[in-house]
Amino acid sequence: MILSLDTETTGLDPWHGSKPFLVTVTLDSGESIVWEWDVDPLTREPKVLREDLLEIKDLIDNCERLILQNSTFDLKMLKTLETEDWSWGEWPWYKIHDTQFSAHMIASCQRRDLTTLALLELGIDVKPFEDAIHAATDKARRITRSKSFVAEQGEWAIAKAGREDMPSAGEKTWKADMWLPRCLILTAPDYVPDWTEGQDPETHPWATILHNYANGDSECTLLIHEKHENYLKSRGLWKIYVERLKILPIVYNMKETGVTLNKTRRDELYGEYAQVTEEIRERCVRIADNPELEDLPVNGRSNALNTVIFDQFKLKSPKTTKTGNPSMDKEVLAYWLDQLEAKDKRRYFIDGLLNYRKRKTAMAYIDGYSRFWNHIKDDWYVLHPSLHPTGTNTLRWSSSNPNEQNISKKQGFNLRYCFGPTPGRCWASLDYENVELRIPAYESGEQELIELFERPDDPPYYGSVHLLNFSTVYPDKWEEAVSNGGYEGAANWIKKNWKDSWYQKCKNGDFAVQYGSVERTGSQWSTADRAFGRKGCQALLKARFAKQEALNQHWIKTANDTGYVSTIPDIEIDPDHGYPLECSKTEWGNISPTIPLNYHVQGTACWVIFRAMVKVQEYLDSINKNKSDDLKWFMVMQVHDELVIDFPIRRGYEIRLREIKRIMESCGDYIKVPLKVGCDIHENNWSEGRGLE
DNA sequence: TTCGGTAGCGCC
DNA sequence: AAAGGGCGCTACCGAA
């Protein structure tokens, strides 16, 4: 028996009280079942019946295959229904399938929500149902908020931003209240406009509106899965899909374990930023002396700020925003700082704005952390960010509520200081060094780069791609450095004398190239050349690394012919196929030449870390066997090319870290690219560490 | 009140 | 035609 399952929930925050109030399954026999539980409007608690759970568990236990859409979400939601004396048991990962994973393999740029998939794969348009529920829910929400209703029924626990039990509430808040129409018609039918006196509330459309719609969700999931399976098998991609599913239990457990942070350190940073920003705000408002500007916008723009900067200060932006408006981002502010006289009051204002924004951004992030955290003990808290392995066009994951992938490590704003191991434990972060540079270098056989990676201790570049590029794009500067510092000392001389000037420019240019800057001819500057601070730099790089450029052209051609690129095939999984990545299109319908190599490399790098995570988890499982939680090793974060491990401090832990490092490096073998992994140990917090010897 | 667009900024 | 890849979050603004 094949089974698909879907839930409707009272929110997106299973760690803060959101629970399923409706479960629907569809069997491959065609039969569908819906269980809907009434929700207490004062507490948002669904009144779940044990006998229903037993029925659902029985189906899950006895099916051969369990199909879900975004499986780790639904499974975690079901898990919240466990009680002290009842549990689902271990989830049967070996039989779980996920339509988001198959959808990503088929068309990684397409939306993967159920509505889109149903329309695309089945031609079923569920939008009208959704709209009907949206309308009913909104109406019901409005009714329960009305003064007369509150006076009679009390304040119902409607979803809204600011509620502690639903920190993610905001934009699509109504979705968390889909239980409401039924609840309202059953509890207080006389408030529902089209209900007539004496009518059985169960016969009103609101009583069954969700029931009817939810039913379709599990039906669609089952049919979509069938279609996807046929498609992937016909393309010879099934093996890769099945391999990818191995990440599901890992994602589930990472979300469950979460990331720990310390309130004292959080308060320390926040207090400091709050004080400084207040001082800056007062000063800037005073300098501007414009009745329109009463406050500084946190980021982005306000009309008042536009007036002050452009009309009053008469500043001209050297750069435009995406839509062609004059830009006012940090680069532009830095440019104005450079242009204006030291004593110009406008300069004080710009300087203030720059510093204000940095701190306000940090404060906004910190606010998010404390909104989502759960208390552990003392001043320790834990976050459970939502992780989405299919959240991007490539194989990168996305992370949200809150995002754990953009935690600042900037000097002076290092929010990683808040994060770290709880007492008695330790963190290690292991990252693939230069992985997105190594992949194209080895794949294309770019000898000079390969030698650089193979002999990281040799002069004159000492393994640094930036320095090798430096010698290419600024030959004159390089010569100057060699004549001053010698062949062996040029690298140090550059870092000592040009750290913030030419060396920094070179690094900026390198990243622009790595992220796909396109060489320009004529009077145009390429993005990379602008970053390098000189015209023609990118052309010099291209000439020196011709094989990589050939690789670039190969993937551009492939993308233009097929719409896809693929990752380097994994010789252990399928030597004939890589993971297919659909290339995004511009608004004119073509594939920008910046895309293909980027997707290929980014995707391959993430394929490697995915393989590594599976292997590392197997190793951790062997360590953790029969251990209590406080003695276990956990994988707690993945930041694209970096893994963070949270483990107990016990003698000899370095040996295990070295083994994890070895496992991660060994995954380069599958794509025939030798990889190096660095390991930092964080005994106190994520911002301070020492290298593993 | 809600919602989408815009801008800006953090990470790799 | 024109090209710096991939994300998520917050604030601001103006239209529905």
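Letters go in sequence order (proteins before strands), and every chain restarts at 1. Predicted model only: the values in this text are computed from it and were never measured.
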Problem - Polar pair under 3.5 Å, donor/acceptor by atom type, side chain A:R301, base C:dC13 - result: no
Problem - Side-chain donor/acceptor contact of A:N590 with base of C:dA2 under 3.5 Å - result: yes
Practice task
In plain terms, say whether A:K127 and A:E130 are close enough for a salt bridge, that is, a side-chain N and a carboxylate O under 4.0 Å apart.
Solution key: no
Practice task
Return no unless some side-chain N or O of A:N401 is found under 4.0 Å from OP1 or OP2 of C:dC9.
Solution key: yes
Fill in the blank from the handout: When A:Q405 and A:E331 are each assigned the nearest nucleotide of DNA chain C, the 5'-most assignment goes to A:E331
Practice task
Indicate whether OP1 or OP2 belonging to C:dG14 is found under 4.0 Å from a side-chain N or O atom of A:N303.
Solution key: yes
Handout entry: Length of the NZ-P vector between A:K585 and C:dG5, whole Å
Key = 16 Å
Practice task
Could you check whether A:H134 gets within reach of a base, just the sugar-phosphate, or nothing at all, counting any heavy atom under 4.0 Å?
Solution key: sugar-phosphate
Handout entry: A:S517 vs C:dA3: side-chain N/O to OP1/OP2 distance below 4.0 Å
Key = no
Practice task
Tell me whether the OP1 or OP2 atom of B:dC9 has a side-chain N or O from A:K410 closer than 4.0 Å.
Solution key: no
Practice task
Pick base, sugar-phosphate or nothing for A:S327, based on heavy-atom distances below 4.0 Å to the nucleic acid.
Solution key: sugar-phosphate
Problem - OP1 or OP2 of C:dG6 under 4.0 Å from side-chain N/O of A:Y599 - result: yes
Practice task
For A:R416, answer base if it contacts any base atom (sugar-phosphate contacts may also be present), sugar-phosphate if it contacts only those atoms, and nothing otherwise; contact means non-hydrogen atoms under 4.0 Å.
Solution key: sugar-phosphate
Exercise for the section: Check whether any side-chain nitrogen or oxygen of A:T594 sits under 4.0 Å from OP1 or OP2 of C:dG5, and answer yes or no. Expected result: yes
Practice task
Examine B:dC9: is either OP1 or OP2 under 4.0 Å from a nitrogen or oxygen in the side chain of A:K360? Give yes or no.
Solution key: no
Handout entry: A:R520 side chain near C:dA3 phosphate (N/O to OP1/OP2, under 4.0 Å)
Key = yes
Practice task
Consider only side-chain N and O atoms of A:R359 and A:T277, and report whether a donor and an acceptor are under 3.5 Å apart.
Solution key: no
Practice task
For the pair A:Y503 and A:H466, name the ring-plane relationship: parallel under 30°, tilted 30 to 60°, perpendicular over 60°.
Solution key: perpendicular
Practice task
Remember a base hit wins even if backbone is also touched, and classify A:N325 as base, sugar-phosphate or nothing at under 4.0 Å, heavy atoms.
Solution key: sugar-phosphate
Problem - Phosphate OP1/OP2 of C:dA3: any A:R530 side-chain N/O under 4.0 Å - result: no
Practice task
Would you mind classifying the nucleic acid contact of A:R142 as base, sugar-phosphate or nothing, using non-hydrogen atoms under 4.0 angstrom?
Solution key: nothing
Exercise for the section: Remember a base hit wins even if backbone is also touched, and classify A:G516 as base, sugar-phosphate or nothing at under 4.0 Å, heavy atoms. Expected result: sugar-phosphate
Exercise for the section: Report yes if a side-chain nitrogen or oxygen of A:S399 is closer than 4.0 Å to either non-bridging phosphate oxygen (OP1 or OP2) of C:dG8; otherwise report no. Expected result: no
Handout entry: Side-chain N,O (A:S592) to OP1/OP2 (C:dA2) below 4.0 Å
Key = no
Handout entry: Under-4.0 Å side-chain N/O to phosphate OP1/OP2 contact, A:K409 with B:dC12
Key = yes
Handout entry: Base of B:dG10 paired with side chain of A:N406 (donor-acceptor, under 3.5 Å)
Key = yes
Practice task
Select base, sugar-phosphate, or nothing to describe what A:T586 touches, counting heavy atoms under 4.0 Å on all strands.
Solution key: nothing
Handout entry: Basic-acidic side-chain contact under 4.0 Å: A:D561, A:K557
Key = yes
Problem - N/O (side chain, A:S398) to phosphate O (OP1/OP2, C:dG8) under 4.0 Å - result: yes
Handout entry: Length of the CG-C1' vector between A:N598 and C:dA3, whole Å
Key = 12 Å
Exercise for the section: Give a yes-or-no answer on whether the side chains of A:Q504 and A:N508 include a donor-acceptor pair shorter than 3.5 Å. Expected result: yes
Handout entry: Check: A:Y579/A:S108 side-chain N/O donor and acceptor closer than 3.5 Å
Key = no
Practice task
Please state whether the phosphate of B:dA7, meaning OP1 or OP2, lies under 4.0 angstrom from any side-chain nitrogen or oxygen of A:T321.
Solution key: yes
